[in-house]
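Notes follow the structure.
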Amino acid sequence: MTARPGYAQALQATRLLELLQAYDPHVAGTPPLGVDLPSSDIDILCHAPDTLAFTRTVWEALAEAPAFSIHQWTGGGRPVVATFTAQGWCFEIFASIQPVAEQAGWRHYLAERRLLTLGGEPFRSSVMHHRRAGLKTEPAFAAALRLKGDPYQALIELGQREDGHLQVLLAAAGYPAPIAQRE
């Protein structure tokens, strides 16, 4: 079995971002954060004010792809979710009537990216420890930070905080700022 390519190469090979260009696609999730596992998928968040047009675009382009499925949620703005496999990866496309910047998945991603930057390799290693132990991404971040309560809501709230607040939180959880950030 050949190793799957990196997520960026898989995206390029599928030309998925080109296909979804009209829907403001943003790659999110664990691969671009560097906290992915062999079972991780590639998440693409889209803004689809017309979910029917989005569904038609995806159906016409990907219906023959391996493991293709598409469904629409019954609540929460009725986003459309399409999945398929290619290049050894599972892809998940999430399309909402909300602009990507307002979507919870994008807000989680931005908060996680900032925390990883501020916490450095010790924090990344801790998140990976929790991921390998079976936790999903947001619960793994919350566990590494020793947060209580709903990890999904906690990351939304942390994303609204200044870096100084995040650095204090990281230090309290045992992750002092990397030396380059202290100078």
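Everything quoted here is computed from the prediction, not taken from an experiment. All values below were derived from every heavy atom in this structure, side-chain atoms included, with hydrogens, water molecules and symmetry-related copies excluded.
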**OP:** Please lay out, stage by stage, how L115 and L166 fare under the test side chain to side chain contact (heavy atoms under 4.5 Å, CB included).
**Re:** CA-CA 7 Å; L115 286 163; L166 298 181; 4.1 Å; yes
Throw together a table of side-chain donor-acceptor distances under 3.5 angstrom for residues 24-37, partners on residues two or more places apart or in other chains.
from, atom 1, to, atom 2, distance (Å)
H26, ND1, D24, O, 2.9
T30, OG1, S40, OG, 3.2

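- Taking Q12 as the reference, nothing meets the side-chain hydrogen bond (donor to acceptor under 3.5 Å, both in side chains) condition, with sequence neighbours excluded.
- Judged as a side chain to side chain contact (heavy atoms under 4.5 Å, CB included), and not counting sequence neighbours, the contacts of A86 are T14, F84, F91.
- Every salt bridge (charged side-chain N to carboxylate O under 4.0 Å, His left out) that R15 has, sequence neighbours left out, goes to E18.
- Not one N or O on the side chain of W59 forms a donor-acceptor pair closer than 3.5 Å with the backbone of I70.
- Note: W106 and F94 fail the aromatic proximity criterion, with ring centroids not under 6.0 Å apart.
- Side-chain contact between S125 and M128 is absent, with no heavy atoms from C-beta onward closer than 4.5 Å.
- For D163, the salt bridge (charged side-chain N to carboxylate O under 4.0 Å, His left out) partners at least two apart in sequence or on another chain are R114.
- No single ILVMFWY cluster, assembled from side-chain heavy atoms under 4.5 Å apart, contains both Y7 and V127.
- Rounding to the nearest 0.5 Å gives a distance of 13.5 Å between OG1 of T85 and CD of E92.
- With sequence neighbours left out, Y175 forms a side-chain hydrogen bond (donor to acceptor under 3.5 Å, both in side chains) with S126.
- For R124, the salt bridge (charged side-chain N to carboxylate O under 4.0 Å, His left out) test picks out E121, with sequence neighbours left out.
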Just distance, no hydrogens or angles: give the donor-acceptor pairs under 3.5 Å from side chains in residues 137-151, sequence neighbours left out.
from, atom 1, to, atom 2, distance (Å)
E138, OE2, H108, ND1, 3.3
R146, NH1, A173, O, 3.4
R146, NH2, A173, O, 3.2
D150, OD1, Y152, N, 2.9
D150, OD1, Q153, N, 3.4

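- Take T51 and apply the side-chain hydrogen bond (donor to acceptor under 3.5 Å, both in side chains) test, not counting sequence neighbours, and it matches Q72.
- Environment of CD in Q160: crowded, with over 12 heavy atoms of neighbouring residues, nucleotides or ligands closer than 6.0 Å.
- Applying the salt bridge (Lys or Arg N to Asp or Glu O under 4.0 Å) test to pairs two or more places apart or on separate chains, none has a residue in residues 41-59.
- Rounded to the nearest 0.5 angstrom, I93 CD1 and L45 CG are separated by 10.5 Å.
- For R4 (side chain) and P38 (main-chain N/O), a donor-acceptor pair under 3.5 Å exists by modelled atom type.
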**OP:** Any chance you could lay out the side chain to side chain contact (heavy atoms under 4.5 Å, CB included) test for R107 and Y109, step after step, and finish with the verdict?
**Re:** CA-CA 5 Å; R107 294 171 65 195; Y109 172 77; over 6 Å; no
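- The side-chain hydrogen bond (donor to acceptor under 3.5 Å, both in side chains) search around Y23 returns T57, not counting sequence neighbours.
- Taking both residues in full, the closest heavy atoms of R161 and H165 are given as NH1-CE1, 3.2 Å, listed atom of the first, atom of the second, then distance.
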**OP:** For the pair L11 and W89, evaluate side chain to side chain contact (heavy atoms under 4.5 Å, CB included) and give the outcome as yes or no after the intermediate values.
**Re:** CA-CA 10 Å; L11 279 168; W89 286 89; over 6 Å; no
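- With sequence neighbours excluded, the residues satisfying side chain to side chain contact (heavy atoms under 4.5 Å, CB included) with A13 are Q87.
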